Structure formats: structure tokens, C-alpha cells
Amino acid sequence: MDSVVVYSWIFMAVFIGIMLAMGFIGMKKTRTSEDFATARSSYGPMTIALVISAGISSGSTFMGMPGLAYDLGTPSLWYPLLYPVATVIGMLFVAKTIKKYGDEFGTRTIPEFIGDRFKSEFLRIVLTVISILLIFYVVSQLVAAATMFQIMMGVEYHWGIIITGVVLAIYVFMGGSHSDILTDSIQGFLMLITSLVVVGVFVFSVGVEGGFGDMISTIKERNPTGGFDQLFLPGDNTYGSFWLVALLFIAHLPFGILPHLGNKFLAVKSNKDMKKLIMYCTIFATILPLMGLGGMLGIAVIDPGMEIRPDQVIPVLFQEIFPPFLAAFLAVTVLSAIMSTSDGLIVSLTQLLANDLFRKSIVPRTNIGKDQAEKAELVISRYSTFVVILIASIMAWNPPQYLSIFMWIGIGGIVSATAGPLVVGALWRRATKAGAITSLMAGTLSYWYIYLPIGMGVSNPFAAAGAGVLLSMITMVVFTLIAGKKEESTMESSKEVSINS
């Protein structure tokens, strides 16, 4: 154990050094507020694919999903199997549109894109407010990072939060989106290696004396309801039936266009690279969630008498089956998963203040000059980094039971709001501002009514989000068709009046 801690500190020092170096390089590339916000047209498709895939596969994928598998067994594997497919499908619908429109009109964020698409300041401001829910996502990443520090390096949980927050604050403050992309591409590569290693140790049943067959039997013995002969978990709020799993899939359709992921499309060098980007994302995003198999192996390897939180299964498993040197290295790659999502989330949250509120709402209503506004926006972008991290650290001080569930409290609200205006609106030119506003309100209100105790009290955020996404998209289509018919009827009446007169 002592040697694992020593190696972990060595690798951690190297890892942090590299991240800070990338932050410094990012700072050199960041001259304007737009550089900080988007790093527009600066990187190739493979680099951005690694960044997006790493952002999709957060600490939840590398610790939360294995934790669910360790606790619930095979039915929980629906999550890592389905969400990358749904996410890539959603990206296919809108990625090219966001890139083309963003480059043409200079949009920097998803709320700004939707506001400009429908020429509605109301939509932009409401989506800016709703996007603040990303803070739940940041909190889950800080919890995952602090847990890794606690188990692999012997650092007290709260000190782990502080260390993570300080490192993130420094390199995001320096280079914004450039630092985010440079660090995440390295982190994404390390994450791919780790996922493939976990797949390998699962297939070869490393740590189980009797091989693959005995591993399957041990899992069934220790978790009778979670063996590989079980597709669903009767009575479970998330995996209890086919329909609940289907809602999980639907909920992830707009996932790839969350603010911290959707703005990465703007960083690709050319619109011609978007097909390659989607292809690479499909490959990488499918491999990374296979980390969930580590939780299944953990059932067979880890002594049931050990009292661990489900989200701790991956670092504990690494210590059980790998020599200290390798366990420490792989632990740092898990930390990469956490950092790769956290920095993008933090940049997106800073832009809600700097771009969507200050540049788009306050500056046009004041006499602030263009150069002065530019400098002020960059200052707000940088210094709001500390505000975001401080708030998230306070919220993470007492960890939730399941990271994968906790972060979806916020994500569910965002995808329910944006599904109609963004997914349908990007595909359908007839979509109207009235339809976008109505679908946003319908998706948002339905999600919170289904999820919160004051409403239906459904404790499964995936089911609530899936229902919200469906209702938002259906409302967008129906309202636009009805409004379109009324508009046509009004035009025909006007023509008749002009003819008769």
C-alpha cells in the first residue's frame, strides 16, 4: 500500500506538471475573449474527437458507472452500452449546423446559438440560467477526484477537493478553451489506454483463480440479482424495465450538445472535418464506457467484507490486481477522466457570465467601448473560474452516494430544455421562435414536475429527462405545425380581403 501511495505521488506530480505546462501554452494562444471561449478553428478532428470523448466520459464513466455495476450488477451495464450510441446520434443531427452557423455569425456558446437561431433574447437568457445546472456536473467531478486522492494517495477527502480545485483553477485561468483542449486531448488518450486495459483484465478474469467461468459464477453467487443472466432489475427506478432503459437512451440524445461539449465543434479547423470528427467520436466514445466492466470484475475480486462506497471500486480493484507501479499509473489516468470534463465545464460556466450575460446583454445597453468591453470580458472569463470552482467545492464537501445519478439532476434539466429548440430546430428550418419557447418551457417544467418530490417524485433523473426530452421535441413539432397552419390561414384571408376590395 505504501508503495502505491509513493508511485501515485510521483505520477501525480508529473501529471500536474504536464497539465500546468499545457495551461501555459494555452495562455500563449489566448489573446482575446473569443480565444478563451472557443479556440475557434484551431485544431484537427482527431484532437477534438479525443476532447469531446473525454468530456463525455467523465469521472462518472470511470468511477460512477463501475460503481453502479459493482453495486447493482449486469442490469446497470445498459448505461455504458447505450449512452455513447445516443450521444453520437444526437451529435450527427446538430454538430455541422453549430459549426457552420457559429463560424458564420461568431456565436460562442450554445445559449447564444439558440438565441440567434430564433432571434430571441428571451431564449438565450433562459437557457443561460438553466445552464447553471452544469454546476452539479462539476460537483460530481470534484467528488470523483477527491475519492481518487483519498484511496490511492492517502489524502483526506476534503484536501483532495482543494488540490483538484487549485490545479483546475490555475490552468483554466491561464488559457481557457485552448488549455482545456490541449490538456483534454492528452487526458483522452490516457483514458483510452485505461479502458482497453480494463477490458483486457475483465476478459482474462485477472484476480480470479478459476478464470472467466469462475468469475461469472462468483458474480452470480455474490450478487444473485445482478448476474449476467439478468437483463433488468425488477423494482429498480433506473433499470427495472425495458421502458425505463429506453428513457435513459432518449435522455442522452441531446447529451453531446451540452454547453461544454457543443462549443468544441467550433474549435475544429474546417466544416469539412466534421464527418471525420463524428467517426472518431463514435470509436472513442464507444470504448471509454467499457470501464463499467471493471465494476463487474470487482464483484468477483474484492472481498465482500470490505466496506467501500460503490464509486471506490476502480481504485480498490487496481490495488488488488496490479503491481503498485501500474496501479498508480492507471489511477492517474482515471484522474485524467475527471479533469478532462471538469475544465470544459468550468470554461462553459464562465462563458455564461462573460459572454451570454455581459457581452450579449449588458454591453449593448451601455456606452462601453468595443476595446474596453473585450478586455472586461476576458477578465470576467478568467476570474469567474475561481467563483465556479469555489461554489462547486462547497457543494462537493459531503459526497453523494452515486456520482452517475447525482450529476444527472442538472443535466436532465438542461437536455429537457434544449431538445426541442436545438435538436429539432437545427434539423427543421420551419421551426419557429414561438415553438422553440413553448418546447423549452414544456420540457423544463415536465422534467422538474416528474423529478421533484413536490410533483410526481420520480427519483430516476434519466426517466424524468427522457420524458422531458420527448415532450420538448414533440411540442416543438406540433406547435410549429399548428402555428404554421394559422399563419397560412391568416395570409389566405388577407389575400381574399385584398381581392374583394
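Quick caveat, the model's predicted, so the values are computed rather than measured.
Side-chain N or O atoms of Gln319 include none that pairs as donor or acceptor with a backbone N or O of Val316 at under 3.5 Å. For the pair Thr333 (side chain) and Leu330 (backbone), a donor-acceptor distance under 3.5 Å is present. Of the possible polar contacts, one joining the Ser76 side chain to the Ala69 backbone as a donor-acceptor pair under 3.5 Å is found. No side-chain donor-acceptor contact under 3.5 Å links Ser472 to the backbone of Gly468. A distance-only check finds no donor-acceptor pair linking the side chain of Lys99 to the backbone of Met274 [under 3.5 Å]. Within the 3.5 Å criterion, the main-chain N or O of Ala39 finds a donor-acceptor partner in the side chain of Ser42. Between the side chain of Ser205 and the main chain of Val201, no donor-acceptor pair closer than 3.5 Å is present. The backbone N or O of Thr282 lies less than 3.5 Å from a partner atom in the side chain of Thr286, making a donor-acceptor pair. The main-chain N or O of Met174 is found under 3.5 Å from a side-chain atom of Arg382 such that the two form a donor-acceptor pair.
Smallest separation of non-hydrogen atoms from Ser446 and Leu471: CB-CD2, 3.5 Å. In terms of heavy atoms, Leu297 sits closest to Ile321 at CD2-CD1, 4.3 Å. Nearest approach of Ile110 to Gly262, heavy atoms of both residues: CD1-CA, 3.9 Å. Looking at every heavy atom in both residues, Pro259 comes nearest to Ile414 through CD-CG2, 4.3 Å. Closest approach of Leu244 to Asn237, counting heavy atoms only: CD1-O, 3.5 Å. For the residue pair Asp273 and Pro45, the shortest heavy atom distance occurs at O-CB, 3.7 Å.
Contacts of Ser241 classified as side chain to side chain donor-acceptor pair (under 3.5 Å), with partners at least two apart in sequence or in another chain: none. For Ser195, there are no side chain to side chain donor-acceptor pair (under 3.5 Å) partners at least two apart in sequence or on another chain.
In this structure, Phe242 has its ring center at least 6.0 angstrom away from the ring center of Phe249. Under the 6.0 Å cut-off for aromatic ring centres, Phe149 and His158 do not qualify, their centroids lying 6.0 Å or more apart. Residues Phe462 and Tyr79 bring their aromatic ring centres within 6.0 Å.
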Practice item. Give the C-alpha distance, both sets of side-chain angles, the deciding distance and a yes or no for side chain to side chain donor-acceptor pair (under 3.5 Å) between Thr109 and Asp356. Key: CA-CA 8 Å; Thr109 66; Asp356 298 314; 2.7 Å; yes
Practice item. Show your working on side-chain contact (heavy atoms from CB on, under 4.5 Å) between Met63 and Met291 and close with a plain yes or no. Key: CA-CA 8 Å; Met63 294 182 69; Met291 283 293 298; over 6 Å; no
Point to revise | Worked verdict on Asp343 versus Thr183 for side chain to side chain donor-acceptor pair (under 3.5 Å) | key: CA-CA 9 Å; Asp343 48 21; Thr183 55; 3.2 Å; yes
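With rounding to the nearest 0.5 Å, the separation of CZ in Phe228 from CE in Met296 is 4.0 Å. Atom CD of residue Glu156 and atom CD of residue Gln150 lie 7.0 Å apart, to the nearest 0.5 angstrom. If you take CE on Met22 and CG on Asp180, they are separated by 13.5 Å, rounding to the nearest 0.5 Å. Atoms OG and CG, from Ser53 and Leu192 in turn, are 7.5 Å apart once rounded to the nearest 0.5 Å. Between Asp184 atom CG and His260 atom NE2 the span is 9.5 Å, to the nearest 0.5 Å. Remark: Lys264 NZ to Ser348 OG distance equals 5.5 Å, nearest 0.5 Å.
If you run side chain to side chain contact (heavy atoms under 4.5 Å, CB included) between Ile299 and each of Asn223, Val313, Thr74, Leu317, only Asn223 comes through.
Counting heavy atoms of neighbouring residues, nucleotides and ligands inside a 6.0 Å radius, atom OH of Tyr157 exceeds 12 of them.
The aromatic rings of Trp448 and Tyr451 sit perpendicular to each other, their planes meeting at more than 60°, with 30° as the lower class boundary. Using cut-offs of 30° and 60° on the angle between ring planes, the pair Trp78 and Phe232 is parallel. Ring geometry for Phe173 against Phe386 counts as tilted: the plane angle lies between 30° and 60°, on a 0 to 90° scale.
Residues His178 and Ile25 have side chains not in contact (no heavy-atom distance under 4.5 Å, counting atoms from C-beta outward). Side-chain contact between Val51 and Tyr43 is absent, with no heavy atoms from C-beta onward closer than 4.5 Å.
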Taking only distance into account, with no hydrogens and no angle test, what donor-acceptor pairs under 3.5 Å do side-chain atoms of residues 81-96 form with protein atoms, sequence neighbours excluded?
from	atom 1	to	atom 2	distance (Å)
Tyr83	OH	Ser57	OG	3.4
Tyr83	OH	Thr61	OG1	2.9
Thr87	OG1	Tyr83	O	2.7

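Gln230 and Thr225 share no side-chain donor-acceptor pair at under 3.5 Å. With no hydrogens or angles considered, no side-chain donor-acceptor pair links Ser177 and Arg40 at under 3.5 Å. Side chains of Thr350 and Ser384: no donor on one and acceptor on the other come within 3.5 Å.
Ion pairing between a basic and an acidic side chain is recognised when a charged N comes within 4.0 Å of a carboxylate O; Asp229 and Lys220 show such pairing.
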